[in-house]
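Report on the following structure.
Letters A, B, ... are given to chains in the order of the sequence lines, protein chains preceding strands, and every chain is numbered from 1.
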Amino acid sequence: MKKAIAIILAAGLMLAMAACTGTPAPSASTPASGSGSAEGQATRTYFVNPKMVGAAYWEAAKEGALQAGEDLGVEVIWNGTSEVDVAKQINMVTDMITRKVDGIAVAVNDATSMTNVFNQAKEAGIPVVTFDSDSENAERSYCILPDTDEAIGEAFLSALINQMPEPKGKVAVMIASPSAANIIAWRDAALAKIEADYPDIEIVGVYPSNDDQQKAYENAKSFIQANPDLAGILCLAGAETPAACKAVQEAVEAGQLEEGQVKIGGMGIPSLVREYIKDGTMTESVMWNPMSMGYLSVWALDQIAQGNEITDGMEVPGVGTIKVEDDRIYCGTFRFTAEDVDNYQF
Amino acid sequence: MVQQSSSHAKMLCVLKSRYTLLIGIIALEFLLFGFLAPYFLTLGNILNILRQISEIGMISIPLTFLLLSGHMDLSVGSIVGVCGITCGMLLRAGQPVVLAILAGIAAGAVVGFINGVIVGKLKIQAVVVTIGTQVMFRGLCYIMTSGRAVSGYPLSFYVLGGGDILGLPISVLVLGLCYVGAWFVLERTYFGRYILAIGNNQNTTRYSGIRVDRVKILLFTFCGIMTAVASIFLISRLSSAEATLGSGYELDIITAALIGGIDINGGSGKLQGTFLGILIIGILRNGLNLMGLSVIYQSIILGVLLLVAVAKRKG
């Protein structure tokens, strides 16, 4: 009995691992196993660590990162936690420092937490870049972002203002993780813009979902319930917009809101808002391409590893012209409507 | 009488074989990862694993006690949050490090005591109570932080999570001491026997004159305190505390305990089993990370391990 179980267990473990290493998805270009024991530094290996894995947004970034790996002929290891978890993210990066990869790109969940880990990487001589969300005081070479936080926050707000008949009334703000530096900065920029330019808009509250779409939906339902005269919802993260659209649609059907009363604007991940933008729940949305950011992370690490300088206006194949300000690399945002939403596959 | 002692001997034998199996799994992990994962078998990485499991390891001690007594605390993850944030906020406010640590521990004692009183005095099932307090304490975390990470601690505080004594991380040393102390309590004191007795048969234990409700309150309070200690090491290592701090810890720890052979209905199991379970999970995560294997597969492998462990119990 004991033996049988031990054998089953061992076989199960082996099978699971074999199955995993067999799939091409987790690591690109060259298989991870075996290459470690060979001392030859034939290919450079970069570790790209998103805030979490599984969501459409991060899957697109992964696609970009793996594409860059293919184009540049380097190995890319893409791995992240299955939910937003700062401690596990740090463990993962520490493990990769132990493995002595040639570069690490991190989408930071909590800016301060990363300081120590990035110091360790620096001591180990491993270059670090951040993407999507920064840890600016930590030891990192570059941060890859869509645009300046101010420009993004205002672009999101403008998507809402454009849809409102006039800029006045009650507006609820939905955010994801309240400790992510970028989301905080967009929120601040949007709120500052409202205070300066749209004095008739009243903010009823800022609702965090912690990257949980169900929570976002529940948040939206409850603030709609509490504010029957709501005029708009400003969504500052990818999962918030479809959640808001769904809640608004249901409230309209239930007769709590009038059709077209609540406008929804902000960040829209095309695949998640496609149905809502086509059925007119909202008419426009703003986004950047996470694929470009994934691509640029690997590209920037490879430039650093080769000792190349990254300068403003450089042409990156597959991404386009990049904007570089100090130690930030911007890939740019775009606005989309029902007409061109199908052009974006993430 | 003869039959009883022979069944006792049989049980001992089963226990022994379980530990052989657990150690076998660890050996298998070392073999596999040593072969497959670059840099797995380095001193730095071994210390790395130990440091990574130290916080969960500390919480696994009182949780094992609770499981042995037939109870469960699903709120430990949220208690990590409450205590870590309490300590972090005081540190940020410039209070002395010692005071902040004591306040964090006191917060743990209070929330643990609340769990204990509800379970012990109001006689509500621990699982139900702690699902409730899990959500409640997590809500408290969001209120305390207003959704922002609490950071900016004095430099001396970082020694706890990052410092070494004789080459060993402080958190690992503390974990080792806690395990030795807890083993002593469980195996060599009356209190340890009360825990197992309650897990075996609560009513009999009560009728033999043991204040079962007090033992429960004590266990939950102890759980709060140990969880607080772990949270302090955690925020020192992370250099910040945010509202989601520690979420999901309870599942990791309960999984480890079950893999380690603790009976979910209480009454049987050994502390060293939990420790081996924690090691197995920690090594697995680290090795798979080093291999660059997606976490999604990691959780599947963990699930298989857990099911096998439970199947073993039935067999």
Side-chain angles (χ1 to χ4, degrees), chain A residues 1-2 4-6 8-10 12-14 16-17 19-21 23 25-27 32-37 45 47 52-54 75 77-88 90-92 94-96 98-101 109-116 175 177-179 184 206 208 210, chain B residues 17-18 20-21 24-25 28-29 32 35-40 42 44-45 48 51-52 55 142 145-149 151-152 158 161-162 234 237-240 242-248 284-301 304-305 308-309 311-312 315:
Chain A
M1 186 63 200
K2 185 176 77 181
I5 282 172
I8 291 168
L9 178 79
L13 260 179
M14 300 267 203
M17 283 182 186
C20 304
T21 38
T23 19
S27 65
S33 54
S35 67
S37 52
T45 304
F47 175 52
M52 59 185 279
V53 294
E75 186 183 343
I77 300 168
W78 172 276
N79 206 4
T81 54
S82 51
E83 55 204 279
V84 170
D85 185 327
V86 180
K88 286 212 180 91
I90 287 180
N91 289 352
M92 217 167 245
T94 318
D95 287 345
M96 280 300 163
T98 313
R99 181 173 161 167
K100 299 194 168 71
V101 288
N109 273 311
D110 176 1
T112 25
S113 296
M114 280 296 163
T115 321
N116 286 339
I175 61 174
S177 168
S179 52
I184 298 288
V206 177
N210 287 295
Chain B
S17 77
R18 165 169 290 279
T20 334
L21 178 67
I25 294 175
L28 184 73
E29 285 182 333
L32 269 177
F35 186 65
L36 291 176
Y39 299 99
F40 176 77
T42 55
N45 190 50
N48 205 356
R51 186 176 284 139
Q52 288 174 3
E55 295 106 11
Y142 282 101
T145 56
S146 337
R148 287 196 181 228
S151 54
Y158 296 122
L234 184 66
R237 188 159 70 90
L238 302 184
S239 32
S240 98
E242 54 165 15
T244 55
L245 191 77
S247 68
L284 192 69
R285 282 243 164 82
N286 169 271
L288 296 177
N289 279 349
L290 283 179
M291 285 173 63
L293 207 69
S294 169
V295 282
I296 297 158
Y297 300 104
Q298 297 188 17
S299 39
I300 293 175
I301 295 175
V304 170
L305 259 181
V308 169
K312 173 81 170 82

>> Within the 4.5 Å heavy-atom criterion, are A:D85 and B:S247 side-chain neighbours or not?
In response: no
> With B:Q298, which residues qualify under side chain to side chain donor-acceptor pair (under 3.5 Å), at least two apart?
Replying inline: B:N289
>> Does any backbone or side-chain atom of B:F40 lie under 4.5 Å from a heavy atom of chain A? Answer side chain, backbone, both or neither.
In response: neither
> Which heavy atom of A:N116 sits nearest a heavy atom of B:S239, and at what distance?
Replying inline: ND2-OG, 3.7 Å
> Given that the side chain runs from C-beta out, which part of A:I175 has a heavy atom under 4.5 Å from chain B: side chain, backbone, both or neither?
Replying inline: neither
> Closest heavy-atom contact between B:L290 and A:M96?
Replying inline: O-CE, 4.1 Å
> When rounded to the nearest 0.5 angstrom, what is the spacing between OG1 in B:T244 and CG in A:D110?
Replying inline: 8.0 Å
> Among B:L288, B:I296, B:V295, which residue meets the side-chain contact (heavy atoms from CB on, under 4.5 Å) test with A:N79?
Replying inline: B:V295
> Partners of B:E55 by side chain to side chain donor-acceptor pair (under 3.5 Å), sequence neighbours excluded?
Replying inline: B:R237
>> Nearest 0.5 Å, please: how far is CZ in B:R51 from OG1 in A:T94?
In response: 9.0 Å
> Hey, does A:K88 have a side-chain heavy atom less than 4.5 Å from the side chain of B:R285?
Replying inline: yes
> Shortest non-hydrogen contact from B:S240 to A:T112?
Replying inline: CB-OG1, 3.4 Å
>> Please classify the contact between A:N210 and chain B as side chain, backbone, both or neither, with a heavy-atom cut-off of under 4.5 Å.
In response: side chain
> Looking at A:R99 and B:P38, what are the two nearest heavy atoms and their distance?
Replying inline: NE-CG, 3.6 Å
> So which part of B:N45 gets closer than 4.5 Å to some heavy atom of chain A, the side chain, the backbone, both or neither?
Replying inline: both
> By a 4.5 Å heavy-atom criterion (distance strictly below it), what part of A:T81 contacts chain B: side chain, backbone, both, or neither?
Replying inline: backbone
> Which bit of B:L234 comes within less than 4.5 Å of chain A, counting heavy atoms only: side chain, backbone, both or neither?
Replying inline: side chain
> Where does A:D95 contact chain B at under 4.5 Å (heavy atoms): side chain, backbone, both or neither?
Replying inline: both
